[in-house]
Amino acid sequence: MSEVVTYNREGSIGVITVNYPPVNALSHAVRSGLVAALEQGQKDADAKVLLLVCEGRTFIAGADIREFGKPMQDPGLPSVVDQYENSDKPIIAAIHGTALGGGLETALGCHYRVALSSAKVGLPEVKLGLLPGAGGTQRLPRLTGAQKALEMITTGEFVGAKDALALSIVDAVEDGSDIKAAGLAYAQKVADEGKPVRRVRDLTDKLQADKGSDVFEQFRAGLQKKARGLFSPFKCVDAVEAAFSLPFEDGVKRERELFMECMESPQRAGLVHSFFAEREVSKVKGLSKDTPVRDIRTVGVIGAGTMGGGIAMNFANAGIPVTIAEVKQEALDKGLAVIRRNYENTAKKGRITQAQVEERMSLISGTLTYDDFSDVDLVIEAVFESRDLKRKIFGQLDDACKPGAILASNTSTLSIDDIAAATKRPQDVIGLHFFSPANVMKLLEIVRGEKTSDEVKATAMALAKKIRKVGVMVGNCYGFVGNRMLHKRGAEAMALVNEGASPQQVDKVLTDLGFPMGQFAMSDLAGIDIGYSIRQERRKAGEDVPASWMDKLAEQGRLGQKTQAGVYKYEEGNRKPIPDPEVDRVIAEFREEQGIKSRDITDQEILERCMYVMVNEGAKILEEGIADRSLDIDITWIYGYGFPAYRGGPMFWADQIGLDIILGTVEQFYDDLGGEQWKPAALLQKLVSEGRKFSDL
Ligand code: 3H9
């Protein structure tokens, strides 16, 4: 008997227990153990019914994702589930925590299911680029009907126990926290009442009800918008449809074929990489797990603009009181009104209640003086990108804040060490770089200064989790990880337009790759004045920053979405970018001034120049230790800039393309175009010469 699955009997109930921390994933050992324990239960003459229950924090949370891409070892999960379903003795699955993917499929192979009221169930395979491959697409619709099964399987969203009961996914829900007791009680009832085995595969009434309806066509049409660029959601629909058009055995075969197609797709590889990368980023190199963290009970934010307001909302959402400081009452009132409007809009969409709007607003207060920051545990400065202003503010904060308070800057480019040097507590200074819209985007780039203490770093990482962000620890350099790469892409995008491409052509190449918006639509969202003031700062500092048609737009007051005109124009209340002939005119005028003769530019050139420049810069970032691992860069881009998770992030994507191909093209651009950005990264050259990838580092 395997150690991870055990069999023992309690009265007339044979208990099969899975104990494979952390989440009881269906590794080879668990699958073999489940089969062996079932055989034992079948042979045990004193066991009238069998109970499947898990130790630890959750029921089985799915197949063991770490085994994907490796040779499959028998017994496969579909066979395990079939063996449970074919048992002569009734089997009850007792669910606590999350019964997910293969875990729920195993439970659906059992004859009865009881869940704790706190439990959740779901088939999240689609989030990994897959579909449920152990009968889930055939059994779930037999319980819920087509529509709900399609929704659950194509979104991967979890369903709470009470809803699962209403949908017939579970047969009973129990309060309390003792799953074994709840399972034993239910199993005893099945034994006492002499309830028969009841196989989900034999249920037909829900199938009959939906047969011949147009639910599948309608669902596919809806998915065209919601799942743009994705592979597996459409395969999920095909698999569920097979439950309605084929007998069970054939439906399962069809599911298997479709599952294998998904398993072999590059999107599956990208999404599985993203899944593990998201969990790995929380483990920071050199930062011990036991590092003490400071309590953050109250927060101050400086600046009530778009960024400051969005940042403050994160804390109010997490129940942490936050005070926003502004220079003028008018700006403060305006900022607070925008926050309220944002919450009201969310309430209108039904995502929060009016009571929650009031509760969150009651946690946000305003002030015109840093004196009100004397007792806060953390201050985040979110004023515009000016070195002088930020240094001045940090000097004032140093005086106003209590010892031990963390002073953070939301700067997106400036040196944290330089800002920290304006204080007498550089060990308490850190960068907390939020992404616009700050209350929505999941990334928090956490910038360590040279003197930032481990305690402050660990506190920042813990804080990210608390406000439901993904924190990525990075080193200090111009633009850190995200914006350093973005600026390279931005400069290249700008150069491509200078040479003859249109902003919309560049943007389309990026959205075709899977970005939610292109470079220029993004500038409009963030505000053109931001890039403009960064360029002006750099010019002031004596850097040679070339003139740009974007400067002209900023100087004309075309600041992006907020002025309904930027690189694109916008209709009132609509964020859809509309190409604007006026901008074409500005670009043409700029080309003429600069003596540039425009040429036709292919989409392939746009793709290579915008993306390979990022990969080359990413390699330099790794070389310099600004990012510890390529996965830190991947997660930064997925959660900060909308890089499609199914491509795994820019460095994983580069690995898939082939680093030799990328290096060859980078060398070519270096010869043809010159510029530091095209100088091949030494790390890229090294990896290619060793036949290795970023993910091998
Ligand atoms: C499937 O089932 C296919 C079948 O249909 C067909 C087969 C034929 N495997 O997220 P956490 C690790 S596809 C291996 O931080 P939480 C995770 O990496 C699968 N490892 O905790 C982490 O490790 P570490 C369908 C897994 O409490 C640790 O567990 N199932 C797996 O915030 C803790 O994870 C899914 O897609 C796994 N399946 O959330 C469920 N799951 O500590 C995926 C987790 O070393 N999992 N780990 O970093 C989840 O959604 C969340 O992990 C869960 C817990 C909600 C379970």
Side-chain angles (χ1 to χ4, degrees), residues 4 18 20-31 34 54 56-82 95-109 118-140 149 152-160 232 235-236 239-240 252-253 255-265 267-269 271-284 289 442 461 464-466 468-471 629 631 635 645:
V4 294
V18 181
Y20 185 60
V23 297
N24 292 310
L26 289 154
S27 64
H28 175 243
V30 172
R31 297 195 306 273
L34 282 170
C54 294
R57 65 200 224 205
T58 179
F59 190 77
I60 301 165
D64 190 338
I65 305 169
R66 291 182 200 276
E67 287 184 359
F68 290 175
K70 298 186 186 147
M72 179 65 207
Q73 280 180 285
D74 283 337
L77 187 61
S79 144
V80 177
V81 175
D82 282 351
I95 298 171
H96 75 298
T98 44
L100 302 178
L104 179 58
E105 291 176 297
T106 306
L108 294 179
S118 54
K120 292 189 177 116
V121 302
L123 292 172
E125 286 86 344
V126 71
K127 294 186 178 170
L128 300 171
L130 287 170
L131 53 86
T137 64
Q138 307 303 298
R139 289 191 179 90
L140 188 68
M152 280 180 69
I153 293 173
T154 58
T155 63
E157 298 303 334
F158 304 168
V159 170
S232 73
K235 301 289 162 187
C236 291
V240 174
V252 164
K253 272 192 207 132
E255 177 194 82
R256 192 78 203 151
E257 287 162 8
L258 294 163
F259 177 79
M260 291 317 292
E261 279 182 38
C262 292
M263 189 55 112
E264 273 143 35
S265 77
Q267 293 196 356
R268 192 275 303 161
L271 285 164
V272 169
H273 168 77
S274 305
F275 176 86
F276 285 119
E278 180 179 338
R279 282 151 184 85
E280 277 309 301
V281 286
S282 65
K283 298 162 197 161
V284 179
K289 258 192 185 166
K442 269 187 84 176
M461 289 300 290
K465 228 177 217 161
K466 193 157 184 188
R468 304 169 78 90
K469 301 272 177 209
V470 178
R629 302 154 296 191
L631 64 85
I635 290 298

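Since we're looking at a predicted model, the values are computed, not measured. Sequential numbering from 1 along the given sequence is applied to the chain's residues. Whatever order the structure lists ligands and atoms in, that order sets their numbers, starting from 1.
Taking each heavy atom of H96 and R57 in turn, the nearest pair found is NE2-C, 3.5 Å. Between N24 and I60 the shortest heavy-atom distance is O-CG2, 3.3 Å. Closest of all the heavy-atom pairs between S265 and G129 is OG-O, 4.4 Å.
Contacts between K127 and ligand 1, counted as non-hydrogen atom pairs separated by less than 4.0 Å, are absent for every part of the residue. Here L26 has no heavy atoms under 4.0 Å from ligand 1, in either its backbone or its side chain. Contacts with ligand 1 closer than 4.0 Å are made by no heavy atom of E280, backbone or side chain.
Shortest contact from atom 22 (C) of ligand 1 to any protein heavy atom: R279 CD, 4.2 Å. Protein heavy atom at the shortest distance from atom 5 (O) of ligand 1 is E125 OE2, 2.5 Å. Closest protein heavy atom to atom 6 (C) of ligand 1: G133 N, 3.6 Å. Counting only heavy atoms of the protein, atom 31 (C) of ligand 1 lies nearest to V23 CG2, 3.7 Å. Of the protein's non-hydrogen atoms, the one nearest atom 14 (C) of ligand 1 is D64 OD1, 3.2 Å. Counting only heavy atoms of the protein, atom 55 (C) of ligand 1 lies nearest to L100 CD1, 3.9 Å. Of the protein's non-hydrogen atoms, R57 NH2, 2.8 Å is the one closest to atom 21 (O) of ligand 1. When hydrogens are left out, the protein atom nearest atom 42 (O) of ligand 1 is K283 NZ, 4.3 Å; that is the closest non-hydrogen contact.
Contact atoms of ligand 1 toward P132: 5 (O) (distance under 4.0 Å to a heavy atom of the residue). The E105 neighbourhood of ligand 1 comprises atoms 4 (C), 5 (O), 6 (C), with distances under 4.0 Å to a heavy atom of that residue. Counting the atoms of ligand 1 from 1 in the order shown, those under 4.0 Å from a heavy atom of G62 are 2 (O), 30 (N). Remark: ligand 1 atoms within the under-4.0 Å shell around heavy atoms of G102 are 1 (C), 2 (O), 4 (C), 5 (O).
Distances from atom 9 (N) of ligand 1 to the heavy atoms of T137, L271, L77, I65 show the closest one on I65. The residue among P124, P78, P22 with a heavy atom at the shortest distance from atom 29 (O) of ligand 1 is P22. Considering M72, R66, M263 only, the shortest heavy-atom separation from atom 23 (O) of ligand 1 involves R66. When the heavy atoms of A63, G156, G101, A61 are ranked by distance to atom 30 (N) of ligand 1, first place goes to A61. Distances from atom 46 (N) of ligand 1 to the heavy atoms of F275, F68, F276 show the closest one on F275.
Once rounded to the nearest 0.5 Å, the distance linking CG of L100 with OG1 of T106 reads 11.5 Å. The SG atom of C236 sits 5.0 Å away from atom CG of L131, with the distance rounded to the nearest 0.5 Å. The distance from atom CE of M260 to atom NZ of K235, rounded to the nearest 0.5 Å, is 14.0 Å.
A side-chain donor-acceptor contact under 3.5 Å links E255 to the backbone of G136.
Each of H28, R31, Q73 was checked for a side-chain hydrogen bond (donor to acceptor under 3.5 Å, both in side chains) with E67, and the lone residue meeting it is R31.
The shortest distance between side-chain heavy atoms of D82 and S79 does not fall below 4.5 Å. Proximity of R268 to L128: side-chain heavy atoms (C-beta onward) are nowhere separated by under 4.5 Å.
Distance check on atom 53 (C) of ligand 1: every protein heavy atom falls at or beyond the 4.0 Å cut-off.
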